[in-house]
**Student:** 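I am attaching a structure below and will ask some questions about it afterwards.
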Amino acid sequence: MKALSKPFVAALIAGVSTLPAFAAEQVADRIWSGGPVLTMNDGAPRAEAVAEKDGRIIAVGSADEVMKHKGEGTELLDLKGRAMLPGFVDAHGHAFMIGVQAVSANTQPAPDGKVNDIPALQETLREWKTTYPERIKRLGTVLGFGYDDAQLKEQRHPTREDLDAVANDVPIVIIHQSGHIGVFNSKALEVAGISAETKNPDGGVIRREDGSNEPNGVLEEAAFFPALMKLVSGLDAEGGQELFVAGTELLASYGYTTGQEGRSTPNVVKLMQAASDAGRIKIDVVTYPDVLVDRDFISANMSPIYTNGFRVGGAKLTIDGSPQGFTALRDRPYYNPPSHFRADYAGYAAASSDQVFDAIDWAFANDVQIITHSNGEGASDMLIAAIKSATEKHGNDDRRPVLIHGQFLRKDQVGALDELDVFPSLFPMHTFYWGDWHRDRTVGPVNADNISPTGWVRERGMMFSTHHDAPVAFPDSMRILDATVTRRTRSGDILGPDQRVDVMTALKAMTIWPAYQHFEEGQKGSIEVGKLADLIILSDDPTAIDPETLDGLKVQETIKRGQTIYTREEGEKQGNLQMRPGPDGSDALGNFLRHASASVEAAGGHAHGPDILYQAFADGFGGEAPVAAR
């Protein structure tokens, strides 16, 4: 057995010391029964009832045994045939940025929106412009989030002319679902200062009209983010907290009792901590500040212990970009990229090899858990080489480095991850949202079968987690479950039948295995005596229904430490999450973006879409000068 790293030895001791004594005579605060209980405990995978006291599970098993803990004040709760599971643990998402979905026009395709062609996009923007004039006044911009060229009937990005048809007297910006690309109308390009004379920045592309240097409105990566920041003006820290709270509420509605902000900056860590200290969040949230921004901050704030439901878990590194957006770093050319790419185009890195090796070495030297965004084979080669070098230098303590996404992993790379004890957090939700696109455009029909290779991982007996990366998509837990089991694309194709896993394996990848990923398997992820009573109730037993109907399951109730924090009935009454304005009446978006141009430059322009958008929002709300990249 490997030695545990020093910070987590302390955590384990602290965790064990806080566990109450579980005597048979304990009287439960609540007992749930009347439906199947899926425990995720291999020793006793199913039960009939669960008892909770003071936020922890004191009994699980047969109804007769658990009812021995019933007392005069015990609340008896009937599952009514519905299934109880452990609360979901968010393996990778952006709890803070999810709130942006509440304050912009929803330009996502079905099933999350209604934009499947450019006319529908234009109509959605017109409707939003008419409905929310006060937001346009505050932001100075019509903002849309979530369009996907892969799902548009036209099979292309919209252009400035398409957006000019909506309005040319106000800036319009729409953000691609990946978060890596945006489209600006002519007014927005003007405000951003982008013209035919503007050169492509390092790490970014200004797409041009055919046969000229005139921008066509589509901006990629480092060309996109600074331009976006110039368009929106100031909000306050209260608005930032509202975004964070809205994001955690949306996570809870999908059954997440532990959320993640998968890349943060010091300013936003402080903002999130302030919200949690004020008692405004109902779930736990763990965050990973950017390792290329401020390592001293990470070292000073990293903790295995939650304070008011919030903690800094380690560090985040981003190596490349978006696979569906053709900005992931491959080891070979893309299969069928847009016509303006050269035949040998294979994407590009968002961090240099020196940055990657240095960041991994620092994390290993300081016993810091590091999670790394790596989509393309080339990026994963870089990560594997860096981890191998750091392991040889610093030893193989239990640091649990995590690979985030790994869309285009080769089989030999899966073997290398296994040998180096790198935990894979995969993204099989991609098989539904972008599986057809990967088959036809990014990697081709042969390699598309092996995106998010959960089958290869299980062949080696490895654990893995699955995630949503919201706000890239909604944090829909049942969509993740369905995609991991069926790998059915939007068109109905099965993408990589050999990579499918069974329902129980897919559920473990949402509960006990991501709890392990976060060093929290002793407290969360399964329904066992002594663990936190973090629980959810589903509309049906996912192991007892047709796998093709998994996406129709609904989270009926989310329970954190024994307390109900979400019910579907109440959620439907409230409708879509809407962010409240700050006390001065300001909207909660602009100040995030206002300082981002400087922030992106200071951080080296290395982050991927949701991450760098997050940084832009975060530093604006923090009200401090960005910290120089390290």
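Heavy atoms only: backbone and side chains are in, while hydrogens, waters and symmetry mates are out.
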**Student:** Are Glu377 and Arg332 ion-paired here, with the side-chain N under 4.0 Å from a carboxylate O?
**Tutor:**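 Looking at Glu377 and Arg332, the cut-off is met.
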
**Student:** Does a side-chain N-to-carboxylate-O contact under 4.0 Å join Arg400 and Asp398?
**Tutor:**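 Asp398 and Arg400: salt-bridged.
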
**Student:** Identify the heavy atoms of Arg207 and Glu220 that sit nearest to each other, and give their distance.
**Tutor:**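 Nearest pair, atom of Arg207 first, then Glu220: NE-OE2, 2.7 Å.
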
**Student:** Count the heavy atoms belonging to other residues, nucleotides or ligands that lie under 6.0 Å from CG of Asp344, then report whether that count exceeds 12.
**Tutor:**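 Check passes, neighbour count above 12.
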
**Student:** Between His157 and His176, what is the ring plane arrangement, given parallel below 30°, perpendicular above 60°, and tilted in between?
**Tutor:**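 Rings of His157 and His176: tilted, 30 to 60°.
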
**Student:** Fit a plane to each ring of Phe326 and Phe341, take the angle between them on a 0 to 90° scale, and name the class: parallel (under 30°), tilted (30 to 60°) or perpendicular (over 60°).
**Tutor:**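 Geometry flag for Phe341 against Phe326: tilted rings.
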
**Student:** With a 4.0 Å cut-off, would you call Asp551 and Arg479 a salt bridge?
**Tutor:**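 Looking at Arg479 together with Asp551, the answer is yes, because their closest N to O distance falls below 4.0 Å.
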
**Student:** Where is the tightest heavy-atom contact between Ala91 and Ser425, given as atom of each residue plus distance?
**Tutor:**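 Looking at all heavy atoms of both residues, the closest pair is CB-OG, 3.5 Å.
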
**Student:** Side chain to side chain contact (heavy atoms under 4.5 Å, CB included) with Ser264: which of Lys316, His94, Met272, Lys270?
**Tutor:**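 Considering Lys316, His94, Met272, Lys270, a side chain to side chain contact (heavy atoms under 4.5 Å, CB included) with Ser264 is found only for Met272.
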
**Student:** Given Asp381 and Arg330, is the salt bridge (Lys or Arg N to Asp or Glu O under 4.0 Å) satisfied, shown in steps?
**Tutor:** CA-CA 9 Å; Asp381 279 335; Arg330 302 205 63 202; over 6 Å; no

**Student:** Check whether the ring centres of His92 and His373 lie less than 6.0 Å apart, and answer yes or no.
**Tutor:**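 When the ring centroids of His92 and His373 are compared, they turn out to be at least 6.0 Å apart.
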
**Student:** Run the numbers on Arg488 and Asp493 for salt bridge (Lys or Arg N to Asp or Glu O under 4.0 Å), then give the verdict.
**Tutor:** CA-CA 5 Å; Arg488 189 174 294 282; Asp493 190 13; over 6 Å; no

**Student:** Parallel, tilted or perpendicular, judged at 30° and 60°: which one describes the rings of Tyr345 and Tyr334?
**Tutor:**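 Parallel, since the angle between the ring planes stays under 30°.
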
**Student:** Taking the six-membered ring of Tyr433 as reference, does the cationic atom of Arg490 (NZ for Lys, CZ for Arg) lie under 6.0 Å from its centre and within 45° of its axis?
**Tutor:**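 No cation-pi geometry.
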
**Student:** For the residue pair Tyr288 and His518, does the interplanar ring angle fall in the parallel (under 30°), tilted (30 to 60°) or perpendicular (over 60°) class?
**Tutor:**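 Correct class here is tilted.
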
**Student:** Here's one to test your reading of the geometry: is the NZ or CZ of Arg410 within 45 degrees of the ring axis of Phe408 and under 6.0 Å from its centre?
**Tutor:**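 That pair does not qualify as a cation-pi contact.
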
